[in-house]
Amino acid sequence: MSAPPTLQLSLGPVLFYWTRERYADFYREAADWPLEIVNLGESVCSRRRDMKLDDWLGIGRELVQGGKRVVLASQTLIESEADLRDLRRLCDNGEFVVEANDQSAVQRLSANGLPFVAGAALNLYNPATLGVLARVGMQRWQAPVEMSRADLARLLADCREAGIEAPCEVFAYGHLPLAWSSRCFTARRYQKPKDRCRFVCQKHPEGLALRSQESREVFTLNGIQTLSGACQDLRHEVPAMAGMGVTVARLSPRAEGMAAVVAAFDAARRGTLPAPDPLALVDAEICDGYWHGRPGIDNSRGTARP
């Protein structure tokens with residue numbers, strides 16, 4: 001029997017707004033994909049109410065029965081007392097570890113002595129901060145999406161020297177989450193106020209492309225969240241990740257083609273990725289600039305939309 005791969009694969013939370021039926025179908029398929037960790041929950045907008053906490057817990061229990069480890073993602077931008085109430089319920093779910101994407105989640109979880117995963121939105125750039133979080137229950141942390149391979153390698157080395165053993169996760173595939181706002185840009189596109197948006201973002205299961213005057217997809221609008229227009233793909237960097245001490249590669253869900261994405265990353269971590277390998281898996285521009293210390297929109301391999 002071959003040894004298990006040293007690098008684990010995690011499926012990030014769905015960043016877009018789908019229907020209940022689409023979520024159910026997606027995670028039913030994901031249960032059979034070769035990955036170890038599944039992150040569930042609404043991390044973008046509190047107005048997306050199709051799925052309740054109990055619904056996510058139900059999906060999580062089914063995934064656990066299939067051998068997956070489940071993490072519940074907290075909302076990234078907390079705007080109201082209602083958001084705080086939902087956050088408290090999430091943190092106190094009693095079954096699954098929570099990914100803290102906001103300092104209020106860190107405070108709630110650490111105050112109750114609960115372990116947690118530190119999300120990329122916490123902006124963790126130095127061993128001093130990571131050491132503080134590790135002492136209050138951090139089990140794993142996600143590197144900021146704009147951190148380069150060289151900077152991350154130095155940070156991991158500093159963490160080892162400081163005795164910080166929490167594993168590191170890297171955003172390896174998907175539209176990069178760049179910013180959150182109290183305004184909803186998708187609603188504005190449809191000339192609707194945020195509090196009466198009619199959930200127009202559900203019309204765009206992979207976000208709404210924002211193009212430059214040169215017709216290049218610069219950003220992807222997703223309600224109050226702004227994502228990269230191009231899709232980061234670091235599958236060819238998987239050996240380097242494992243060698244520098246990265247433990248988990250995160251794959252961000254898309255509406256189409258995710259089974260092929262997961263299969264490709266599984267092949268990459270096992271050393272069986274075919275060569276030549278067509279980089280583009282789905283209908284999107286590819287980028288990897290941040291990883292190489294360049295503008296995030298850059299693509300070192302020069303592969304564009306298929």
Side-chain angles (χ1 to χ4, degrees), residues 9-77 82-83 86-87 89-90 93 95-99 101 173-175 177 180 184-187 189-190 192 194-209 220-227 231 250-266 281-284:
L9 299 180
S10 76
L11 190 65
V14 175
L15 300 180
F16 307 107
Y17 190 24
W18 296 351
T19 63
R20 289 174 59 89
E21 293 76 14
R22 192 163 206 160
Y23 287 121
D25 292 343
F26 179 81
Y27 288 111
R28 191 176 300 114
E29 293 180 18
D32 296 325
W33 295 344
L35 44 81
E36 289 73 33
I37 304 168
V38 179
N39 298 269
L40 299 173
E42 177 54 56
S43 64
V44 177
C45 180
S46 61
R47 289 183 55 77
R48 298 174 176 180
R49 302 189 183 102
D50 277 20
M51 296 288 287
K52 309 295 186 184
L53 177 58
D54 287 344
D55 297 320
W56 293 120
L57 293 174
I59 291 175
R61 293 177 192 123
E62 292 177 2
L63 289 168
V64 167
Q65 290 179 357
K68 305 292 191 259
R69 300 205 309 276
V70 171
V71 176
L72 298 180
S74 76
Q75 193 174 316
T76 303
L77 184 61
D83 290 348
D86 290 342
L87 176 65
R89 287 192 62 220
L90 181 77
N93 74 87
E95 292 186 59
F96 302 118
V97 171
V98 170
E99 177 179 275
N101 290 307
Y173 186 88
H175 291 284
W180 294 259
C184 178
F185 299 109
T186 308
R189 162 66 176 78
Y190 284 89
K192 298 182 184 299
K194 179 182 175 183
D195 58 353
R196 296 191 300 277
C197 65
R198 302 283 183 91
F199 307 108
V200 289
C201 57
Q202 204 166 53
K203 296 180 179 180
H204 303 280
E206 290 194 346
L208 180 63
T220 300
L221 301 182
N222 177 37
I224 67 170
Q225 183 185 55
T226 301
L227 304 160
C231 184
R250 172 169 296 201
L251 315 179
S252 188
R254 297 183 54 130
E256 304 293 340
M258 276 309 295
V261 171
V262 175
F265 273 85
D266 182 50
L281 288 170
V282 293
D283 187 19

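Only this structure's heavy atoms are used, side chains among them; waters, hydrogens and symmetry mates stay out.
Taken from CD1 in Ile59 to CG in Asp55, the straight-line distance is 7.0 Å, to the nearest 0.5 Å. Atom CG of Asn222 sits about 5.5 Å away from atom CZ of Phe16, to the nearest 0.5 Å.
Between Pro13 and Pro253 the shortest heavy-atom distance is O-CD, 3.5 Å. Taking each heavy atom of Asp266 and Leu9 in turn, the nearest pair found is N-CD1, 3.8 Å. Nearest approach of Val98 to Ser74, heavy atoms of both residues: CG1-CB, 4.3 Å. Taking every heavy atom of both residues into account, Tyr190 and His204 meet most closely at OH-NE2, 2.7 Å. Closest approach of Arg47 to Lys194, counting heavy atoms only: NE-O, 3.3 Å. A pairwise comparison of heavy atoms in Cys231 and Gly174 identifies SG-CA, 3.5 Å as the closest pair.
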- [ ] In sequence, state the C-alpha distance, the side-chain angles, and the governing distance for Leu11 and Met258, and then conclude on side chain to side chain contact (heavy atoms under 4.5 Å, CB included).
- [x] CA-CA 10 Å; Leu11 190 65; Met258 276 309 295; 3.8 Å; yes
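Side-chain contact of Ser46 with Asp83: a donor-acceptor pair under 3.5 Å is present, judged by distance alone.
Arg49 CZ: more than 12 foreign heavy atoms inside a 6.0 Å radius.
In this structure, Glu99 contributes its side chain and Gly12 its backbone to no donor-acceptor pair below 3.5 Å.
Here Glu21 does not pair with Arg28 in a salt bridge; the nearest charged N to carboxylate O distance is not below 4.0 Å.
Between Trp33 and Phe26, the ring planes lie perpendicular to each other; the angle is over 60°, past the 30° to 60° tilted range.
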